[in-house]
Amino acid sequence: MKEKELRRSLAVLPIGTVMKLTDLTARQIRYYEEQELIMPQRNDGNRRMYSLNDIDKLFEIKDYLDEGVNMVGIKEIYLEKEVRAKRQRELLKKPLSDNDVRRIFQNEFLSVSGLKNPDEPSFNANKPL
DNA sequence: CTTCTCACA
DNA sequence: TGTGAGGA
């Protein structure tokens with residue numbers, strides 16, 4: 001299941017193909033790059049080359065757009081997504097200390113009982129108390 | 001022919 | 001975001 005992700009990350013599509021696939025103008029595609037929503041690679045001739053992941057990202061962006069979300073909003077969405085991914089990676093690295101486990105169960109209890117927002121971090125994996 | 005950057009009657 | 005210039 002690793003080989004597949006690698007292929008999806010291969011930048012092999014020129015902007016012209018991406019335009020037809022996404023129904024976006026070159027202007028828009030480049031603008032989204034400027035907003036750091038996508039980071040296409042460049043080939044030898046300084047031409048942008050997009051991966052399948054980029055295509056998916058563009059479709060997502062387009063969806064958010066006609067859902068009424070603006071650039072800043074979309075940026076925030078992806079930013080928060082990165083934060084969560086990072087937090088999750090940290091949890092996979094180091095085993096939980098007894099202290100962490102206790103805090104997690106406590107947070108779980110509060111969430112289930114509806115006394116706390118589930119999204120609110122219960123502890124910092126980087127600096128366990 | 002396709003894409004790139006830059007700029008705006 | 002559109003569009004056109006000027007170069008690669």
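All values reported here derive from a predicted model rather than from experimental measurement. The chains referred to below are lettered A, B, ... by the order of the sequence lines, with proteins before strands, and numbering in each begins at 1.
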Could you state the [atom1]-[atom2] distance from [X] to [N], rounded to the nearest angstrom?
| X | N | atom1 | atom2 | result |
| --- | --- | --- | --- | --- |
| A:M49 | B:dT2 | CE | C1' | 12 Å |
| A:E33 | B:dT5 | CD | C1' | 12 Å |
| A:I29 | B:dT5 | CD1 | P | 13 Å |
| A:L24 | C:dT1 | CG | P | 8 Å |
| A:R42 | C:dA8 | CZ | C1' | 14 Å |
| A:N43 | C:dA8 | CG | C1' | 12 Å |
| A:I15 | B:dT5 | CD1 | P | 9 Å |
| A:Y31 | B:dA7 | OH | C1' | 16 Å |

Ignoring backbone atoms, test whether A:Y50 places a side-chain nitrogen or oxygen under 4.0 Å from the OP1 or OP2 oxygen of B:dT3.
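False: A:Y50 side-chain N/O out of range (4.0 Å or more) of B:dT3 OP1/OP2.
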Does a side-chain N or O from A:R48 land closer than 4.0 Å to OP1 or OP2 of B:dC4, or not?
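It does, given that an N or O in the side chain of A:R48 lies less than 4.0 Å from OP1 or OP2 of B:dC4.
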Can you check whether any acceptor in the base of B:dT5 is under 3.5 Å from a donor in the side chain of A:R30, or vice versa?
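When only heavy-atom distances are counted, A:R30 does not reach the base of B:dT5 through any donor-acceptor pair under 3.5 Å.
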Between A:L65 and A:R47, which is nearer to the 5' end of DNA chain C once each is assigned its nearest nucleotide?
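Closest to the 5' end, via its nearest nucleotide, is A:L65.
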C:dT1: pairing nucleotide in any strand, Watson-Crick or G-U under 3.5 angstrom:
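When the pairing criteria are applied, nothing turns out to pair with C:dT1, so the answer is none.
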C:dA8 - base-pair partner by Watson-Crick or wobble geometry, distances under 3.5 Å:
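Base partner found: B:dT2.
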Check whether any side-chain N or O of A:N107 sits under 3.5 Å from a backbone N or O of A:I104 as a donor-acceptor pair, and report yes or no.
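Checked: no pair found.
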Measure the CG-CE distance between A:L58 and A:M19 for me, rounded to the nearest 0.5 Å.
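It comes to 12.0 Å.
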I need the A:Y32 OH to A:Q35 CD distance, nearest 0.5 Å.
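Interatomic distance, A:Y32 OH to A:Q35 CD, rounded to 0.5 Å: 10.0 Å.
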Is it true that A:E80 and A:R84 have a side-chain N and a carboxylate O under 4.0 angstrom from each other?
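Salt bridge: yes.
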Taking A:E82 first and then A:K86, would you say they form a salt bridge - that is, a charged N and a carboxylate O separated by under 4.0 Å?
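Salt bridge flag = no for A:K86 with A:E82.
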Contacts under 3.5 Å, N or O only, protein and nucleotides 2-6 of chain C:
| from | atom 1 | to | atom 2 | distance (Å) |
| --- | --- | --- | --- | --- |
| C:dG2 | OP2 | A:T25 | OG1 | 2.9 |
| C:dG2 | N7 | A:R27 | NE | 2.9 |
| C:dG2 | O6 | A:R27 | NH2 | 2.7 |
| C:dT3 | O4 | A:R27 | NE | 3.1 |

Just wondering, are more than 12 heavy atoms of other shown residues or ligands nearer than 6.0 Å to CG in A:N70?
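Above 12, so yes.
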Partners passing side chain to side chain contact (heavy atoms under 4.5 Å, CB included) against A:F59 (at least two apart in sequence or in another chain)
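Once residues adjacent in sequence are excluded, the partners of A:F59 under the side chain to side chain contact (heavy atoms under 4.5 Å, CB included) criterion are A:T22, A:I55, A:K62.
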